[in-house]
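Report on the following structure.
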Amino acid sequence: MLKKLQIGQIMDSLWLILVCLALGGFMSWKMGPALVTLVKGVQPLTAEKELSEMEGKYVSWNVKYPIDEYLETTRTTKVNGVSTGTRKHRSSWLVIDEDREICLSIEVPVKRFDEMLAQSDKFFDAIDTEAFVVEGGVDVAGSLEVLEGEELRYFNRMASSYGFPVEDVVYHIRDGSIYGETKTNIYGISALGAFFIFLGLFILAKLLINSSKKLVNKYLAKHPHVTMEQLEQDFAQAQEVNKVWIGKRWTFSPKMGPDLDDLLFDHEELIWVHTGSVRSGRSTNFYVWWNFIDGSEKQVSLSSAKKCTQVMEKYEQFSHVVVGNSAEYEYLLKNDKEAFLDLKYRSEKQH
């Protein structure tokens, strides 16, 4: 008995544990490097530091000499699957790194486009007035990466149009981003990953704490007149229907809710068995509900209405139990319990 119930407990929860651990592990793996880099903190990209040595690190830099925007990224928004228009999302700029006498690529969100444009105007005004001094700057922070692909092609085209040499390696800072992820995503997804891992371990721990042996012993402690031998004998001749074992005196199930802290109940306490479904978002959950003389209720969730009905019908063998989904039964139990008990439970006990 205990082995079958324990296996039922494990198999019922195993998929949920694995899904939680898999999701949490994937999110943590995906965001882990960025999170570690973010936690270490930003490093100023000072003049004496070699770009090749800073590659992949989270750096900050003051942009003083933006030349021109070489690429803009757009985003199309949709409401209920219908496009509401395309808007500018991010802006990539050709920027002079005066200390190293090369050009860098700086990408900023659209909300900072005006800052870059104003700084670019300051730079060209300084050239026109031969001031050679550019006040202020635009502070950016992000991981220092090598520019590649289509973006590199646009960058080199812009650099060539201004007469700058094409570098073998072009470095790129995407403001507010580490390894292509925003800070919000890094913190949010990492926290969600940690939550799923915690949830998976919590379910596993609860499963180990509430093992079938401990739950059966808990029941025996509450019912000292019942022995393990009696439970074993009743379980051995019980009818198994969709992982619910219905014996002559007890019902056993590793999926018994709502708190999953019970494995069995005595039929003497049972007054009504019925089935139903509950919608949760786009999915539907199917249940068998057991109601007891003390007003408590237990349930089991199965994969279909048919399976629930198969379990419910097995209780028709007990003459004191009301079986069925009649609205009248529900009304009487809630509003006139005495009348409900007179339907079967009390009349049968009097014989």
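Only heavy atoms go into these numbers, but all of them, side chains included; no hydrogens, no water, no symmetry mates.
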- Query: Can you tell me how far CD1 of Ile246 sits from CZ of Phe252, rounded to the nearest 0.5 angstrom?
  - Reply: 11.0 Å

- Item | Side-chain donor/acceptor of Asp234 to backbone N/O of Arg249, under 3.5 Å | yes

- Query: When you look at NZ of Lys337, are more than 12 heavy atoms from neighbouring residues, nucleotides or ligands closer to it than 6.0 Å?
  - Reply: yes

- Donor + acceptor pair across side chains of Thr37, Tyr179 (<3.5 Å): yes

- Item | Donor-acceptor pair between Ser60 and Asp139 side chains, under 3.5 angstrom | no

- Message: Apply side-chain contact (heavy atoms from CB on, under 4.5 Å) to residues Leu38 and Tyr58 and explain how you reach the verdict.
- Response: CA-CA 7 Å; Leu38 188 56; Tyr58 179 35; 3.7 Å; yes

- Task: Would you check if Leu51 and Leu144 make a side-chain contact, meaning some heavy-atom pair closer than 4.5 Å?
- Result: yes

- Note on the structure: So CH2 of Trp93 and NE2 of His172: to nearest 0.5 Å the spacing works out to 14.5 Å

- Within the 6.0 Å centroid threshold, strictly below: Phe155 and Tyr70: yes

- Test side-chain contact (heavy atoms from CB on, under 4.5 Å) applied to Arg174 and Arg90, step by step: CA-CA 9 Å; Arg174 188 172 188 252; Arg90 298 188 70 86; 3.2 Å; yes

- Any salt bridge between Arg100 and Glu50, counting N to O under 4.0 Å? no

- Query: Going by an N to O cut-off under 4.0 Å, is there a salt bridge joining Lys49 and Glu53?
  - Reply: no

- Pairwise distance CZ(Phe196) to CG(Leu201) - rounded to 0.5 angstrom: 13.5 Å

- Query: Run the side-chain contact (heavy atoms from CB on, under 4.5 Å) check on Ser160 and Val166 step by step: do they pass?
  - Reply: CA-CA 7 Å; Ser160 298; Val166 175; 3.6 Å; yes

- Message: For a quick check under 3.5 Å, do His223 and Asp266 share a side-chain donor-acceptor pair by atom type?
- Response: no

- Residue Arg153 excluded, over 12 heavy atoms near CZ under 6.0 Å: yes

- Item | Side-chain H-bond candidate by donor/acceptor type, Glu145 with Ser143, under 3.5 Å | yes

- Query: Does Glu328 CD have over 12 foreign heavy atoms under 6.0 Å away?
  - Reply: no

- Message: Can you confirm whether more than 12 heavy atoms, excluding those of Phe198, are under 6.0 Å from its CZ atom?
- Response: no

- Item | Within 6.0 angstrom of Lys88 NZ, more than 12 heavy atoms from elsewhere | yes

- Can you tell me if OH on Tyr331 sees more than 12 non-hydrogen neighbours from other groups inside 6.0 Å? no

- Message: In the structure I gave you, are the side-chain heavy atoms of Pro66 and Val63 within less than 4.5 Å of one another anywhere?
- Response: yes

- Query: Going by atom types only, do Tyr219 and Trp250 share a side-chain donor-acceptor pair under 3.5 Å?
  - Reply: yes

- Query: For Trp272 and Gly324, which heavy atoms make the closest approach, and how far apart are they?
  - Reply: NE1-O, 2.9 Å

- Does the side chain of Ile173 reach to within under 4.5 Å of the side chain of Val95, using non-hydrogen atoms? no

- Does Asn242 offer a backbone N or O that forms a donor-acceptor pair with the side chain of Glu240 under 3.5 Å? yes

- Query: Just how far is it from atom CG of Leu152 to atom CZ of Arg157, taken to the nearest 0.5 Å?
  - Reply: 11.5 Å

- Item | CG on Leu147 to CG on Leu104, rounded to 0.5 Å | 10.5 Å

- Message: For a quick check under 3.5 Å, do Glu69 and Ser91 share a side-chain donor-acceptor pair by atom type?
- Response: yes

- Item | Step-by-step side-chain contact (heavy atoms from CB on, under 4.5 Å) determination, Arg279 to Thr284 | CA-CA 4 Å; Arg279 288 193 62 82; Thr284 301; 3.2 Å; yes

- Query: Do Thr275 and Tyr287 come close enough that some side-chain heavy atom pair is under 4.5 Å?
  - Reply: no

- Message: Checking Thr76 against Thr86: is there a side-chain donor and acceptor pair closer than 3.5 Å?
- Response: yes

- Query: Yes or no on side-chain hydrogen bond (donor to acceptor under 3.5 Å, both in side chains) for Gln239 and Lys314, after CA distance, side-chain angles and deciding distance?
  - Reply: CA-CA 8 Å; Gln239 303 175 67; Lys314 292 297 180 182; 3.2 Å; yes

- Message: Does Gln237, at its CD atom, have more than 12 non-hydrogen atoms belonging to other residues, nucleotides or ligands within less than 6.0 Å?
- Response: yes

- Are a donor atom and an acceptor atom from the side chains of Ser120 and Tyr65 found within less than 3.5 Å of each other? no

- Got a salt bridge between Lys122 and Asp125, using NZ or NE/NH1/NH2 to carboxylate O under 4.0 Å? no

- Using a strict cut-off of less than 4.0 Å between a Lys/Arg side-chain nitrogen and an Asp/Glu carboxylate oxygen, indicate whether Arg112 and Asp175 qualify as a salt bridge. yes

- Message: Glu181 vs Lys30, test: salt bridge (charged side-chain N to carboxylate O under 4.0 Å, His left out). Steps then yes/no.
- Response: CA-CA 10 Å; Glu181 296 290 346; Lys30 187 73 174 177; 5.6 Å; no

- How far apart are the C-alpha atoms of Phe265 and Trp290, what are their side-chain angles, what is the distance that settles it, and do they pass the ring pair (Phe, Tyr, Trp, His ring centres under 6.0 Å) test? CA-CA 10 Å; Phe265 62 79; Trp290 298 286; 5.1 Å; yes

